Amino acid sequence: MKKKVRKILEDSLKFLGFEAIPSIEIEVPPDESLGDMSTPVAMAVSKTFKKSPKEIAKEILNSIKDKSVFEKIDIAGPGFINFTFSKEYLYSELKKLLEVKKDFLRKDIGRGKRIQIEFVSANPTGPLHLGHGRGAATGEALSNLLCAANYKVEREYYINDAGKQVKLLGLSVFARYQQLLNVDYPFPEEGYKGGYVDEIAIELINKYRDRYVKSDFNSVSDFFIEYSYKKMLSQIQKDLEDFGIHFDTWQSERELYKEGSVDLAIKDLHAKGYIYEKEGAFWFKSTNFGDDKDRVIIKKDGEYTYFTSDIAYHRKKIEKNYDELINIWGADHHGYIQRVKAVMRAFDYPKDRLIILLVQMVNLLRGGKPVQMSKRAGEFVTLREVMDEVGVDTTKFIFLTRRPDSHLDFDLEIVKSQTAENPVFYVQYANARINSIFKHANGKGINTESLYNADLNLLESPEEIRIIKKILFYPVIFEEAVDTLEPHRITFYLHELSALFHSFYNKYRVINTEPSLNRSRLALCEAIRIILKDGLEILGISAPEKM
RNA sequence: GCGCCUGUAGCUCAGCUGGAUAGAGCAACUGCCUUCUAAGCAGUGGGUCAGGGGUUCGAAUCCCUUCAGGCGCGCCA
């Protein structure tokens, strides 16, 4: 739709000799009476060509050869050119949609490019919380979106199963284990205090009784660490599965060490001359690549830092040779961006091929009062609890009606009280209603097949025309969402389309009209349904047939 | 102190790659179910786009600055 207008404008501008025009903006006018598409291009070039915008607009208008697509083209305001599509054009496009269905919606933006999206990647030291849920919902929707745009998407979860944190988890479980068996064992200072730690300890007691009682932690640490983090990881996997999130690959940090990737990465950086020794530690010269300070990769005690394995991890990503990489991180990690980007540049990776998206924090409230979210203190509401309390679709929808960088207030009381009238149901309900109409039609013996053959010219009311225009606009929104990597644009669009449908539904009957009109309106409903289902699928939200 | 993000209706948020009269949901108020699902529809009220400067034909949108909030600035992960 937009492309059509753009093409026409380009031809016209070329014809007029306005070759040097950078980009033609095309937008939607503020009021539908003005038209369907609009361009301020005449205003933009008026200065360079020393003519009034209106004059230029007039010239452009006169030079447009193929006007059949439009009902009218007006010059309005300070020099906008407004286009209103002809009904014939709208009907023919709608017919195409009904014929080819999804293929009409799909734009081959990715051209089969391979892209890896890494998201969630929460440490397996505790259950997922709501912030992870936001990252999960966003990552999943983005993956689906890019997939639909013909990118070959691989979804990856990075497991921090090495290092201090999982060790601390193991120790926390060990301490609880001892305490539950009445051994006076000190709980680690910074240990994990959540109830899940007790659960694991109890599980161990049930399985192994007092086999490890009074053991020296160092001699059994491997067992406790391994058992504990694996337990947490499988719980995380279960939570994600129930939240409807799918991953293709799970990259373990331990594996990176085991397979030698970490040593290799260090060696590689060393060979490039980006490693130096200072004060007994080894540093990566990240300031060479825009970071504010150099970073330690081998500590004085010979241990690697968290960053070291991340260097190896990203090096491995490079080796896998994706066309693009996306990392979705919680905003609390933003200070980490420069150093990871520095790594990529040190490995000569093109600057823009790694995109790091930040998802802002979720501020969890209950009745306006903040709920503490400290994993170590063990006070937090888990994603699981929220899922169970307010539902998966509702939770996702809340995340997906916000820009990723908006700071989100998630008030459990408000969300729950709105559950019955939650916006997600508004969209799902539109789909369910359409299904109901079809069911009704089938019951009456009305042919609901091959609706592209219906007489679409009968769709003449302002409401119907408005819906057709909205439907045909979907690919435009889709493309914008892909370009900006912002799935929430789809969410808002679906809400708007649903509103138009509900309004139409209330005013007109689809069936029990004249036989030919039955089919026309069913065709319209079918088109709406195709889009609602497609959009919801991208968002990872279910589309129930009845509600 | 430095860096990143945010500030839009009573509340939660869209709109931010500059365009015409700033939108939605919730909340409030008034109407609409004997016909395809009322989880719906029609309508009313509601704004210093945090404040101040600047850029230009045009600024919620870009730049500077002040204020407010969140987050981050480890040989932690």
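Only heavy atoms go into these numbers, but all of them, side chains included; no hydrogens, no water, no symmetry mates. Values in this document were obtained by computation on a predicted structure and should not be read as measured data.
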S.K.: Within the 4.0 Å heavy-atom criterion, would you say A/I298 contacts the bases, only the backbone, or no part of the nucleic acid?
M.R.: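 No contact.
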S.K.: Under 3.5 Å, which protein N or O atoms sit close to an N or O of nucleotides 33-35 of chain B? Give each pair with its distance.
M.R.:
none

S.K.: Charged N to carboxylate O under 4.0 angstrom, A/K469 versus A/E464?
M.R.: no
S.K.: Kindly point out which of B/G40, B/G25, B/C75 is positioned nearest to the side chain of A/T305?
M.R.: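 Of all the options, the side chain of A/T305 is nearest to B/C75.
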S.K.: May I ask you to check whether over 12 heavy atoms, not counting those of A/K546, lie within 6.0 Å of atom NZ?
M.R.: no
S.K.: Quick one: which of B/A42, B/U12, B/A38 gets closest to the side chain of A/S503?
M.R.: B/A42
S.K.: With a 4.0 Å cut-off on heavy atoms, is A/K300 in touch with a base, just the backbone sugar-phosphate, or nothing at all?
M.R.: base
S.K.: Could you tell me which nucleotide pairs with B/C71 by Watson-Crick or G-U wobble geometry, both distances under 3.5 Å, or answer none if nothing does?
M.R.: B/G3
S.K.: Looking at A/E10, I'd like to know if its CD atom is crowded, meaning that more than 12 non-hydrogen atoms belonging to other residues, nucleotides or ligands lie closer than 6.0 Å.
M.R.: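 Yes, CD of A/E10 has more than 12 neighbouring heavy atoms, counting only those of other groups under 6.0 Å.
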S.K.: Strictly by Watson-Crick or wobble contacts shorter than 3.5 Å, is anything paired with B/C62, and which nucleotide is it?
M.R.: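 WC or wobble partner is B/G54.
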S.K.: Should A/K299 be listed as having a side-chain N or O under 4.0 Å from OP1 or OP2 of B/G74?
M.R.: no
S.K.: Can you tell me, in whole Å, how much space there is between the P of B/C26 and that of B/A22?
M.R.: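 The same atom, P, in both gives a distance of 23 Å.
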S.K.: Starting the side chain at C-beta, find the nucleotide from B/G70, B/A39, B/G72 nearest to A/D332.
M.R.: B/G72
S.K.: Determine the contact category for A/R403: base if any of its heavy atoms lies under 4.0 Å from a base atom, sugar-phosphate if only primed atoms, P, OP1 or OP2 are that close, otherwise nothing.
M.R.: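 Counting heavy atoms under 4.0 Å across all strands, the contact made by A/R403 includes a base.
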S.K.: Is A/E279 touching bases, backbone alone, or none of the nucleic acid, heavy atoms closer than 4.0 Å?
M.R.: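 Base contact.
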S.K.: Can we say A/R489 and A/E486 salt-bridge, meaning some charged N sits less than 4.0 Å from an Asp/Glu carboxylate O?
M.R.: yes
S.K.: Regarding A/K230 and A/E226, does a basic nitrogen lie under 4.0 Å from an acidic carboxylate oxygen?
M.R.: yes
S.K.: Would you tell me if any nitrogen or oxygen in the side chain of A/Y429 comes within less than 4.0 Å of OP1 or OP2 on B/A39?
M.R.: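 Checking B/A39 against A/Y429, a side-chain N or O does come within under 4.0 Å of OP1 or OP2.
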S.K.: Taking only the P atom of each, what is the distance from B/A68 to B/C75 in whole angstrom?
M.R.: 31 Å
S.K.: With respect to the phosphate group of B/C41, does any side-chain polar atom (N or O) of A/Y426 fall under 4.0 Å of OP1 or OP2?
M.R.: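 Yes, because at least one side-chain N or O of A/Y426 sits under 4.0 Å from OP1 or OP2 of B/C41.
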S.K.: Between A/E463 and A/R466 (salt bridge meaning N to carboxylate O under 4.0 Å), is one present in this structure?
M.R.: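 No, A/E463 and A/R466 are not salt-bridged.
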S.K.: Using purine N1 to pyrimidine N3 plus N6-O4 or O6-N4 for Watson-Crick, or N1-O2 and O6-N3 for G-U wobble, each under 3.5 Å, what pairs with B/C32?
M.R.: B/G40
S.K.: Please confirm whether the shortest side-chain N or O distance from A/R521 to OP1 or OP2 of B/C36 is below 4.0 Å.
M.R.: no
S.K.: Please classify the nucleic acid contact of A/H502 as base, sugar-phosphate, or nothing, using heavy-atom distances under 4.0 Å.
M.R.: sugar-phosphate
S.K.: Taking protein heavy atoms under 4.0 Å as touching, what does nucleotides 17-24 of chain B look like 5' to 3' if B marks base contact, S marks sugar-phosphate-only contact and - marks none?
M.R.: --BB---S
S.K.: By the 4.0 Å heavy-atom rule, please label A/F438 as base, sugar-phosphate, or nothing.
M.R.: nothing
S.K.: Go through the N and O atoms of the side chain of A/H333 and the base of B/G72, and report whether any donor-acceptor pair is under 3.5 Å.
M.R.: no
S.K.: Does the pair A/E389/A/R366 count as a salt bridge with the N-to-O cut at 4.0 Å?
M.R.: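 Yes.
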S.K.: Is there a donor on the side chain of A/H334 or the base of B/C5 sitting less than 3.5 Å from an acceptor on the other?
M.R.: no
S.K.: In the strands shown, is B/G46 matched to any nucleotide by a Watson-Crick or G-U wobble pair with both distances under 3.5 Å, and which?
M.R.: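 Pairing partner, where one exists within any strand: none, as none qualifies.
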S.K.: Let me know, please, whether A/S498 or A/Y304 comes out on the 5' side of the other along RNA chain B by nearest nucleotide.
M.R.: A/S498
S.K.: Taking only the side-chain heavy atoms of A/Y505 (C-beta and beyond), determine which of B/C13, B/C76, B/C36 contains the nearest atom.
M.R.: B/C36
S.K.: Taking the six-membered ring where the residue is Trp, are the ring centres of A/F85 and A/F70 under 6.0 Å apart?
M.R.: yes
S.K.: Determine if the base of B/C29 is syn or anti; take syn to mean the glycosidic torsion is within 90° of 0.
M.R.: anti
S.K.: Is A/R521 close enough and on-axis enough to A/F504, meaning under 6.0 Å and within 45°, for cation-pi?
M.R.: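 No, A/R521 and A/F504 do not form such a contact.
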S.K.: Considering Watson-Crick and G-U wobble pairs with both distances under 3.5 Å, what does B/U12 pair with?
M.R.: B/A24
S.K.: Could you state the CG-C1' distance from A/L357 to B/C4, rounded to the nearest angstrom?
M.R.: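 Roughly 15 Å, once rounded to whole Å.
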S.K.: Taking any heavy-atom pair under 4.0 Å as a contact, classify A/N160: base, sugar-phosphate, or nothing.
M.R.: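 Counting heavy atoms under 4.0 Å across all strands, no contact is made by A/N160.
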S.K.: Among B/C76, B/C13, B/C4, find the nucleotide with the atom closest to the side chain of A/R402.
M.R.: B/C13
S.K.: Please work out if A/A432 contacts a base, only the sugar-phosphate, or nothing of the nucleic acid, heavy-atom cut-off 4.0 Å.
M.R.: base
S.K.: A/F307 near the nucleic acid: base, sugar-phosphate alone, or nothing, with a heavy-atom cut-off under 4.0 Å?
M.R.: nothing
S.K.: Is it the case that atom CD in A/E189 sees more than 12 heavy atoms from other parts of the structure closer than 6.0 Å?
M.R.: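 Check fails, neighbour count at 12 or below.
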S.K.: Any salt bridge between A/K439 and A/E545, counting N to O under 4.0 Å?
M.R.: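 A salt bridge is absent here (no side-chain N lies under 4.0 Å from a carboxylate O).
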S.K.: Can we say A/K72 and A/D74 salt-bridge, meaning some charged N sits less than 4.0 Å from an Asp/Glu carboxylate O?
M.R.: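 Yes, this pair counts.
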S.K.: Using Watson-Crick or G-U wobble geometry with both distances under 3.5 Å, which nucleotide pairs with B/C76?
M.R.: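 The answer is none; no pair meets the criterion.
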S.K.: Base, sugar-phosphate, or nothing for A/Y493, non-hydrogen atoms under 4.0 angstrom?
M.R.: nothing
S.K.: When the P atoms of B/U12 and B/G70 are compared, how many Å lie between them, rounded to an integer?
M.R.: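 Those two atoms are separated by 15 Å.
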S.K.: Can you tell which of B/U6, B/G72, B/G40 lies closest to the side chain of A/H407?
M.R.: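 Nucleotide nearest to A/H407's side chain: B/U6.
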S.K.: Across the strands shown, which category fits A/K507 at heavy-atom distances under 4.0 angstrom: base, sugar-phosphate, nothing?
M.R.: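 If one applies the 4.0 Å heavy-atom cut-off, A/K507 turns out to touch nothing in the nucleic acid.
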S.K.: May I have the distance from A/K439 (atom NZ) to B/C36 (atom C1'), rounded to whole angstrom?
M.R.: 12 Å
S.K.: Would you call A/E118-A/K317 a salt bridge at under 4.0 Å N-O?
M.R.: yes
